[in-house]
Amino acid sequence: MTNLIKTNPTRRTFIKSSLALSAGGAVLAACGNGATSGLQCATSDTLSRSEMLSREGRDYAEVSQVDGRNCVNCEFYNGLEAECGSCQIDNLPANPAGHCVSWTEQQA
Ligand code: SF4
């Protein structure tokens, strides 16, 4: 009976495991894309509701799911790779690892 209890995860351990897997997935997604992660640049914590709606209209994501296309290598990005920058289109914060449908290759 003791072994049965130890092998059956409680709700709390299940939730902890799920959160750990989610965090790992986010890191892996970022790594597979060559993008940085861990920055929170343009989220509901940093943008107003109307700013969030504007960004959602362009399908903005804090971590790009498109290989090789990130804010940091977008023509409209102002900033560095290791910290939050801004987008010239809307003058709002942008994550260097982010992406939206307005992504445009940087000109040389
Ligand atoms: S236009 Fe470029 S810099 Fe601006 S949010 Fe989209 S991908 Fe990022």
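Excluded from the calculations below are hydrogen atoms, water molecules and symmetry mates; all remaining heavy atoms, backbone and side chain alike, are included. Order of appearance sets the numbers: ligands from 1, and atoms from 1 within every ligand.
Of the candidates Cys74, Gly98, Ala97, Cys74 brings a heavy atom nearest to atom 3 (S) of ligand 1.
Within a 6.0 Å sphere centred on CD of Glu105, heavy atoms belonging to other residues, nucleotides or ligands number 12 at most.
Atom 4 (Fe) of ligand 1 has an N, O or S atom of Cys87 under 2.8 Å away, backbone or side chain. At a threshold of 2.8 Å, atom 8 (Fe) of ligand 1 has a backbone or side-chain N, O or S atom of Cys71 nearer than that distance. Between atom 2 (Fe) of ligand 1 and His99 there is no N/O/S contact shorter than 2.8 Å.
Of all protein heavy atoms, the one lying nearest to atom 7 (S) of ligand 1 is Cys100 N, 3.5 Å.
The shell of residues lying under 4.0 angstrom from ligand 1, judged by heavy atoms, includes Arg58.
Between the side chain of Asn70 and the backbone N or O of Val72, no donor-acceptor pair lies under 3.5 Å. Listed for the Glu75 side chain is a donor-acceptor partner under 3.5 Å among the backbone atoms of Gln107. The backbone N or O of Ser54 sits nowhere less than 3.5 Å from a side-chain atom of Asp90 that would complete a donor-acceptor pair.
Within the listing of ligand 1, atoms 1 (S) sit less than 4.0 angstrom from a heavy atom of Ile89.
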task = Before giving the answer on disulfide bond (SG atoms under 2.5 Å apart), spell out for Cys84 and Cys41 the whole-Å C-alpha distance, their side-chain angles and the decisive distance to 0.1 Å.
result = CA-CA 6 Å; Cys84 297; Cys41 303; 2.0 Å; yes
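With hydrogens and angles left out, the side-chain atoms of Trp103 and Asn73 include a donor and acceptor closer than 3.5 Å.
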